[in-house]
Amino acid sequence: MPSPSPSPAAPALPISEHEDEIIAAVEANSVVVIIGETGSGKSTQLSQILHRRGYTRRGAIAVTQPRRVAAVSVSRRVAQELDVPIGDEVGYAIRFEDRTSERTCIKYLTDGVLLRESLSNPELKQYSVIILDEAHERSLNTDILLGLMKRLIKDRASDLKVLITSATLDGLKVSRFFSGCPVLNIPGTLFPVEKFYSTERPTNYIESSLRTAIDIHVKESPGDILIFVTGKDDIDKMVSKLEERIQNLEEGSCMDALVLPLHGSLPPELQASNCYCCIFDLLLALFPVRVFAPAPPNCRRFIVATNVAETSLTVDGVVFVIDCGYVKQRQYNPTSGMYSLDVVQISRVQADQRAGRAGRTRPGKCYRLYPISIYEKEFLEATIPEIQRSSLAGSVLYLKSLNLPDINILKFDFLDPPSRESLEDALRQLYLIDAIDGSGQITDVGRIMADCEKLPLEPSLSRTLIEANELGCLSQALTVAAVLSAEITMRSTKSNDMEGKRKRQELPDGSGWGDHIQLLQIFECWEQTGYDPKWCVDHDLQVRSMKFSKDVRKQLSQIIQKIAKGPTDVNSRYGWKSDPDYRKLRRALCIGYGNQLAERMLHHNGYHTVGYRSQLVQVHPSSVLESDEYGKYPMYVVYHELISTTRPYMRNICAVERAWVEPILKKLEKLDINRLSGGSSSVKDSEPLDVEDKQVISPEKALDTKQSEVESKIQAARERYLARKGKK
DNA sequence: GAGCACTGC
């Protein structure tokens with residue numbers, strides 16, 4: 001038996017003093033909002049309180065978490081406090097892992113898992129209480145759950161309790177959303193953090209952070225410094241400059257220093273010491289994920305981090321925080337169908353969250369590299385919720401597949417509704433991949449897809465799998481879907497890394513058909529080695545993401561075998577022997593990605609996207625798509641995503657054929673957004689979709705490319721083509 | 001010929 005826990009002393013938690021108040025509110029209301037700051041104990045105690053008071057007699061308590069590690073570590077903690085083995089009365093369910101049993105009455109799960117559960121059981125009858133924890137993070141899934149809960153409490157008014165708990169969520173707003181439900185405030189255990197503001201925005205925030213950090217190091221008492229920057233490049237720059245400046249300090253003038261980078265793509269073994277994958281301090285003693293040796297005594301750590309350190313990872317020992325006031329954020333533009341990754345100002349909630357990182361162990365200090373006027377007047381109150389920054393095709397299909405009565409997607413009750421453009425964009429996408437018909441009704445294919453939505457995939461890929469099953473290339477399509485989900489990446493991407501470049505050149509090249517085919521070939525090669533991690537390293541591939549894609553593939557195979565009516569072949573390998581040009585697979589991809597189709601320009605290698613508001617885009621330079629003997633790319637391609645960086649690019653591309661594209665073009669002509677959204681009653685909203693809409697900007701202008709440049713590019717592509725042929 | 005914040009099913 002493991003030694004007993006270092007006596008967590010639950011009574012010391014602020015929430016215990018409010019037990020009667022909480023129970024009274026829950027007794028009298030279907031929905032209660034609980035605002036509890038860090039360290040209030042809400043995540044571990046609320047479920048236990050309700051359990052003690054008999055709420056588990058008629059069903060289990062579900063507690064959602066936005067992150068897997070949180071679901072696991074919090075449930076372990078609760079099991080320990082109740083002195084039961086995990087998986088019995090207390091359990092957790094996350095993707096790939098279900099540690100629950102029939103006896104489980106307190107169940108921690110990720111919000112995504114609860115959404116999946118409600119597909120097979122829309123009323124969620126197994127639960128008497130549903131607690132949405134950390135709702136202030138406003139993940140896409142939490143927001144959908146909030147809308148579903150609002151519907152559910154009407155149907156189950158007598159036997160369901162919903163608790164919405166968070167650190168800083170605007171309680172009044174949520175209360176209004178749930179027709180004036182009560183809001184309880186539970187204090188936290190954070191220490192005060194003193195805030196200092198700059199008089200103006202620095203022109204160079206790296207330099208400014210650097211100076212502040214050195215200043216703290218020289219003048220302040222011991223305590224680690226956490227520096228928030230926006231990305232990996234800035235982290236690397238900061239780390240090397242910090243080391244250099246610390247070296248230059250007079251010897252013996254201050255304590256030793258250790259500079260550590262911290263961002264999401266670091267391999268776990270390199271992450272900063274004493275980083276804990278837990279959400280609050282009680283857990284720290286129990287589940288440390290210690291990666292470095294702890295800092296030696298009389299040594300100050302400088303942790304240069306992205307916003308992983310804001311919520312996902314807690315660094316112990318931080319007393320000083322330096323906050324540049326920016327964050328890198330991915331956003332989706334529903335009108336162009338394009339993603340971009342932009343550096344934007346953080347919100348006040350985020351700024352306070354960052355500051356709070358300094359006050360976990362003792363009173364701290366936060367240096368904000370912006371004036372207080374910017375904090376007060378320019379920063380948004382809260383971060384724009386994910387639902388307003390993402391493509392909603394998957395979520396809309398999910399809601400349609402719930403078969404809820406009287407559901408009108410455009411009028412679904414969201415806490416913060418996504419824009420009309422965004423919902424219409426989702427409907428258009430679903431129409432183009434045959435999930436809904438011209439009047440917005442779910443189709444036969446859509447019904448199968450609704451089933452397939454049990455597959456954790458975006459709609460394009462579920463549609464591809466259905467088609468692949470028909471065409472007899474399911475096994476290959478499963479691999480492609482799995483590998484794309486894992487976003488396998490090269491380990492080093494620096495262009496000056498000759499070693500990495502050489503390794504990558506030894507990888508299969510998609511036989512010229514594009515990136516989906518290459519990914520398939522890479523996975524099949526790895527499979528042939530018996531999933532040898534060394535093979536990944538030898539070919540500059542991240543072992544972690546390769547293993548993840550293997551897990552995903554296994555999961556997808558299991559699910560599809562359960563839901564498919566006819567026979568499925570998930571394991572046939574090396575389909576290229578019978579289909580050397582991957583025609584079946586590419587055809588399935590063409591149908592699945594009918595909403596992400598592009599047509600090449602006649603005279604150069606630029607493409608325009610096919611569909612609503614056509615965009616001018618280019619093949620991403622990392623693509624292995626091959627041009628023909630004249631240096632031209634294929635006339636039609638489908639792409640996995642559009643990403644706007646220095647230019648608008650298509651990423652992950654597959655060559656398709658004209659004959660396969662025709663039906664999609666025909667569908668486009670018939671598309672009428674008013675019918676799709678079921679809004680035929682309103683004349684005012686009608687804005688007929690014309691094919692003319694597509695011609696927005698002239699190709700040459702948009703691509704900003706002179707004719708001569710185009711010619712030289714084609715010439716270069718042609719030379720590469722000939723060189724490749726020569727090599728073969 | 002470019003570059004990738006963070007989650008999750």
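Sequence lines set the chain letters: A, B, ... in the order given, protein chains first and strands last, and positions in each chain run from 1.
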To the nearest Å, how far apart are A/I235 CD1 and B/dC4 P?
14 Å
Check the phosphate of B/dC9 against A/R68, side-chain N and O only, distance under 4.0 Å to OP1 or OP2. Yes or no?
yes
Among B/dC4, B/dA2, B/dA5, the one nearest any side-chain atom of A/N307 is B/dA5
When you check the gap from the basic side-chain N to the acidic O, do A/K42 and A/D133 get nearer than 4.0 Å?
yes
Could you give the CZ-to-C1' distance, from A/R67 to B/dA5, as a whole number of Å?
14 Å
Taking only side-chain nitrogens and oxygens of A/T110, does any of them come within less than 4.0 Å of OP1 or OP2 of B/dC9?
yes
Please list, chain by chain and in numerical order, all residues satisfying ring-ring contact (aromatic ring centres under 6.0 Å, His included) with A/F414, sequence neighbours excluded.
A/F412
With sugar-phosphate meaning primed atoms plus P, OP1 and OP2, does A/T646 contact a base, only sugar-phosphate, or nothing at under 4.0 Å between heavy atoms?
sugar-phosphate
If you look at every strand shown and take non-hydrogen atoms under 4.0 Å, does A/R389 touch a base, only sugar-phosphate, or nothing?
nothing
Does A/V113 reach a base, just sugar-phosphate, or nothing at all? Heavy atoms under 4.0 Å.
sugar-phosphate
Without decimals, in angstroms, what is the distance between A/Y339 OH and B/dA2 P?
23 Å
Report the residues that fulfil side-chain contact (heavy atoms from CB on, under 4.5 Å) with A/Q555, sequence neighbours left out, ordered by chain and then residue number.
A/R95, A/F96, A/P456, A/I559
Among B/dT7, B/dG1, B/dA5, which is the nearest nucleotide to the side chain of A/P621?
B/dG1
Looking at A/T306, does any N or O in its side chain come under 4.0 Å of the phosphate oxygens OP1/OP2 on B/dC6?
yes
Do the two ring centres, one from A/Y633 and one from A/H604, sit under 6.0 Å apart?
no
